[in-house]
Amino acid sequence: MRTIVILAMFSVATIIVSAQRPAKSAGISDLLLTFENASSDISFLSETDADVHNFVSPLTADRLTSEEFLRVNLMPNDTRIAVMDFDEWVEHQLLFDRNGRWDHLRSTMSTKLGEVVVFKVGVIQIQYFAVGLYKRRMIGVRTYGVST
């Protein structure tokens, strides 16, 4: 009888401990799927319209700086790059967003990544990378624009 009681108590304790453990964090592919869903049917408006796509850096990163961005994405050090505020970048797109998709993307990325910055790469044909750090990867979305 005592053995049964001890086993029953152990099982209850195991269930309670398991319920209190945090859920395993989503993997990079899960996060990319979340961003893909949040950015579906979005266009980046500049002198041309461009789709928004998922992005993950090929190498690991320690911080969100332009130097680190160039390094982890295997770009030359003399590449023209600027860091932009994520909220300001999205605010500009909200001027043309009738269905709230850009605001949803901003909310999703900020919730999942915390700090998000935009790297503007190039001069006339510009690539925009809105990224944060996740498991030491720069991850987020990218799009293109033209500025003349």
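In this text, all values refer to a predicted model and were calculated from it rather than measured experimentally. Both backbone and side-chain heavy atoms feed into the values below; hydrogens, waters and symmetry mates do not.
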- Classify the ring geometry between Phe44 and Trp89 as parallel (under 30°), tilted (30 to 60°) or perpendicular (over 60°). parallel
Using a 4.5 Å cut-off on heavy atoms from C-beta on, say whether the side chain of [Y] contacts that of [X].
X: Glu91; Y: Trp102; answer: no
X: Phe55; Y: Asn73; answer: yes
X: Val141; Y: Met109; answer: yes
X: Ile81; Y: Phe69; answer: yes
X: Leu133; Y: Met138; answer: yes
X: Ile28; Y: Leu31; answer: no
X: Asp62; Y: Arg136; answer: yes
X: Asp85; Y: Val118; answer: no

_Within the supplied structure, the quantity of interest is the number of heavy atoms (other residues, nucleotides, ligands) at a distance under 6.0 Å from Asn99 CG; does it exceed 12?_
yes
Indicate, with yes or no, if [Y] and [X] share a hydrophobic cluster defined by side-chain heavy-atom contacts under 4.5 Å among Ile, Leu, Val, Met, Phe, Trp and Tyr.
X: Leu45; Y: Tyr128; answer: no
X: Leu70; Y: Ile139; answer: no
X: Ile42; Y: Leu95; answer: no
X: Met75; Y: Leu59; answer: yes

Taking the basic N atoms (NZ, or NE/NH1/NH2) and the acidic carboxylate oxygens, is any pair closer than 4.0 Å for Asp87 and Arg106? yes
Indicate yes or no for a side-chain donor-acceptor contact from [X] to the backbone of [Y] under 3.5 Å, with no hydrogens or angles considered.
X: Asn54; Y: Leu32; answer: yes
X: Asp49; Y: Ser43; answer: no
X: Thr108; Y: Ala38; answer: no
X: Arg80; Y: Val121; answer: no
X: Thr79; Y: Pro76; answer: yes

Can you tell me how far apart [atom1] ([X]) and [atom2] ([Y]) are? Round to the nearest 0.5 Å.
X: Ser57; Y: Arg71; atom1: OG; atom2: CZ; value: 8.5 Å
X: Asp103; Y: Gln93; atom1: CG; atom2: CD; value: 12.5 Å
X: Leu105; Y: Thr34; atom1: CG; atom2: OG1; value: 11.5 Å
X: Asp41; Y: His104; atom1: CG; atom2: NE2; value: 11.5 Å
X: Arg63; Y: Glu68; atom1: CZ; atom2: CD; value: 4.5 Å
X: Phe86; Y: Phe119; atom1: CZ; atom2: CZ; value: 12.5 Å

| Between Val56 and Phe35, does a side-chain contact (heavy atoms from CB on, under 4.5 Å) hold up when you go through it step by step? | CA-CA 11 Å; Val56 61; Phe35 294 158; over 6 Å; no
**Prompt:** Going through the checks in order, is the side-chain contact (heavy atoms from CB on, under 4.5 Å) test met by Val117 and Glu115?
**Reply:** CA-CA 7 Å; Val117 300; Glu115 180 185 11; 4.0 Å; yes
Go through the steps to decide whether Asp51 and Thr143 satisfy the test side-chain contact (heavy atoms from CB on, under 4.5 Å), and finish with yes or no. CA-CA 6 Å; Asp51 291 333; Thr143 190; 5.9 Å; no
Is there a side-chain contact (heavy atoms from CB on, under 4.5 Å) between Ser39 and His53? Walk through the geometry before answering. CA-CA 7 Å; Ser39 65; His53 301 281; over 6 Å; no
